[in-house]
Amino acid sequence: MLVIGAAYVDVVVNVQRLPQSGEDVAGEWRSTQVGGSAFNVQCALTYAGVAADLLAPVGQGEHATIVRETLRRLGIPILVEDTSVDNGWDVSFVEANGERAFLSIAGVERRWRAEWFKRLTLAEYDYVYLSGYELEDPQAAKVILAALAEHPHLQILFDTSPRIAHIDPAILQQLFRPGVIIHGNLAEIAQLGSATASYQETAQQLNALTNTLVVVTLDAGGAYYVEHGVARTVPGETVRVVNSIGAGDTHCGGLLAGLATGEPTNVAIQRANHLASLVVNRQAGALTVE
């Protein structure tokens, strides 16, 4: 299992609601912690007892220092260091209902280089996690997809990300080939279909394109999936939502953990639903094991 992506620093702030233009709303600082899709997925896999390697660059600067110390504390090997720039960070606004919104400042995780992949033996991996955040920059997408294309045996899980609309359609066309699992929430999946299509219709279309599993998370409703043209829904779990940061990432990690250990798809998604229910019930956006 290889997890490709970013380790960010999340500055988490609670607000009753997001401000409108020109407003000043009061907030409450909650924590400064390491997040990022890849880091959250890595933690979910570790929590589920599945070994994985994290390919997330660590830069040089105040945010990189926090990332480096956190990875070392958790026993996660640092595979790539690049001292040219700091790691990215974001302000994570968490509203009273637990929903989150991000203001992100990119860093080293947008500067992918071909030589980073030469430090790995991709042929040794079976599954790869890849986030849409890493494909938004055309040069980064070119580097990552070129490295993965050399190993067509890899089962890729593509996590669409909230930035899916900002990815060049040509990049998505290159990625959406047979064997690529597509995972996203309702809003993200909607960006991949026509304006009039339902999420069910879009999921069916994507499944026909990739001939592989497509998963749509439905928050408290669980998850809808299409496999071999057959659609099913796996119910969610009722929990109190404290913070939805990392919910989708953790769901991806749970799904990969189940698939990698040979669980049937519905069981793997049930595991993913369960792990997601755990992470939204806590302040941190990752299921860390310390």
Side-chain angles (χ1 to χ4, degrees), residues 1-8 10 35-48 50 52-56 88 90 100 102 104 106 109-110 112 125 127-137 140-141 144-145 148 154-168 171-172 174-177 179-193 199 202-203 206-207 209-210 212-219 223-226 244-260 265 268-269 271-273 275-276 279-280 285-287:
M1 189 84 68
L2 179 64
V3 179
I4 296 175
Y8 255 57
D10 293 334
S37 295
F39 174 79
N40 294 338
V41 169
Q42 177 79 14
C43 289
L45 287 165
T46 301
Y47 189 90
V50 175
D53 290 334
L54 175 64
L55 185 61
D90 63 76
R100 85 289 184 272
F102 298 117
S104 300
E109 63 288 330
R110 287 289 184 92
W112 285 83
Y125 296 98
Y127 289 87
V128 170
Y129 167 85
L130 178 61
S131 168
Y133 283 117
E134 275 54 63
L135 300 186
E136 185 177 344
D137 181 275
I144 294 171
L145 294 182
L148 296 180
L154 292 170
Q155 176 82 75
I156 298 171
L157 186 151
F158 176 62
D159 181 9
T160 52
S161 91
R163 301 282 298 174
I164 185 66
H166 299 271
I167 301 176
D168 188 330
I171 292 173
L172 293 178
Q174 181 182 353
L175 175 65
F176 289 173
R177 57 172 174 77
V180 174
I181 298 169
I182 299 174
H183 182 289
N185 64 27
L186 283 169
E188 295 161 5
I189 293 297
Q191 298 291 325
L192 297 175
Y199 74 85
T202 300
L206 292 171
N207 177 246
L209 181 65
T210 64
T212 314
L213 177 66
V214 176
V215 179
V216 186
T217 56
L218 307 174
D219 297 326
Y224 173 90
Y225 73 96
V226 182
S244 62
I245 297 173
D249 307 329
T250 301
H251 198 276
C252 286
L255 174 61
L256 281 172
L259 295 177
T265 302
I269 292 179
R271 179 203 285 253
N273 288 351
L275 293 189
V279 81
V280 300
L287 295 174

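Fair warning: this is a prediction, and the values are worked out from it, not measured in the lab.
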Output, in order, the C-alpha distance, side-chain angles, deciding distance and verdict of side chain to side chain contact (heavy atoms under 4.5 Å, CB included) for Leu206 and Val226. CA-CA 9 Å; Leu206 292 171; Val226 182; over 6 Å; no
Measuring from atom [atom1] of [X] to atom [atom2] of [Y], what distance do you get when rounded to the nearest 0.5 angstrom?
X      : Y      : atom1 : atom2 : value
Asp159 : Ile4   : CG    : CD1   : 13.0 Å
Leu275 : Asn40  : CG    : CG    : 12.5 Å
Ile182 : Thr160 : CD1   : OG1   : 8.5 Å
Arg163 : Gln191 : CZ    : CD    : 11.0 Å
Leu157 : Leu130 : CG    : CG    : 9.0 Å
Leu2   : Gln42  : CG    : CD    : 9.0 Å

If you look at every heavy atom in [X] and [Y], which pair is closest and at what distance?
X      : Y      : result
Gly254 : Ala44  : N-CB, 4.4 Å
Ile269 : Ala223 : CG2-CB, 3.7 Å
Val279 : Gly246 : CG1-O, 4.0 Å
Asp10  : Gly36  : OD2-N, 4.2 Å
Leu148 : Ile156 : CD1-CD1, 3.9 Å

Pair Tyr225-Asn207, side-chain donor/acceptor within less than 3.5 Å: no
With distance as the sole criterion, is a donor-acceptor pair present between the side chains of Thr217 and Asn185 under 3.5 Å? no
Indicate the ring-plane relationship of His183 and His251, choosing parallel, tilted or perpendicular according to the 30° and 60° boundaries. tilted
Aromatic contact, Phe39 with Tyr8 (centres under 6.0 Å): no
For Tyr127, give me all partners under ring-ring contact (aromatic ring centres under 6.0 Å, His included), at least two apart in sequence or on another chain. none
What I'd like to find out is whether the side chain of [X] reaches to under 4.5 Å of the side chain of [Y], using heavy atoms alone.
X      : Y      : result
Leu135 : Phe158 : yes
Ser37  : Tyr129 : yes
Leu259 : Ile181 : yes
Thr250 : Val41  : no
Tyr133 : Pro162 : yes
Tyr125 : Met1   : no

Salt bridge flag under 4.0 Å for residues Arg110 and Glu136: yes
Who are the side-chain hydrogen bond (donor to acceptor under 3.5 Å, both in side chains) partners of Asp137, not counting sequence neighbours? none
Residues two or more places apart in sequence or in another chain: which of them pass side-chain contact (heavy atoms from CB on, under 4.5 Å) with Ala257? Leu45, Ala48, Val50, Arg271
Kindly determine whether Leu175 and Ile171 satisfy side chain to side chain contact (heavy atoms under 4.5 Å, CB included), including the steps that lead there. CA-CA 6 Å; Leu175 175 65; Ile171 292 173; 5.5 Å; no
Are the side chain of Glu109 and the backbone N or O of Ala7 linked by a donor-acceptor pair below 3.5 Å? no
Report the C-alpha separation of Trp112 and Leu55 in whole Å, then their side-chain angles, then the decisive distance to 0.1 Å, and conclude whether the side chain to side chain contact (heavy atoms under 4.5 Å, CB included) test is met. CA-CA 11 Å; Trp112 285 83; Leu55 185 61; 3.8 Å; yes
Determine whether Thr212 and Val180 satisfy the following criterion, side chain to side chain contact (heavy atoms under 4.5 Å, CB included), listing intermediate values before the conclusion. CA-CA 6 Å; Thr212 314; Val180 174; 5.8 Å; no
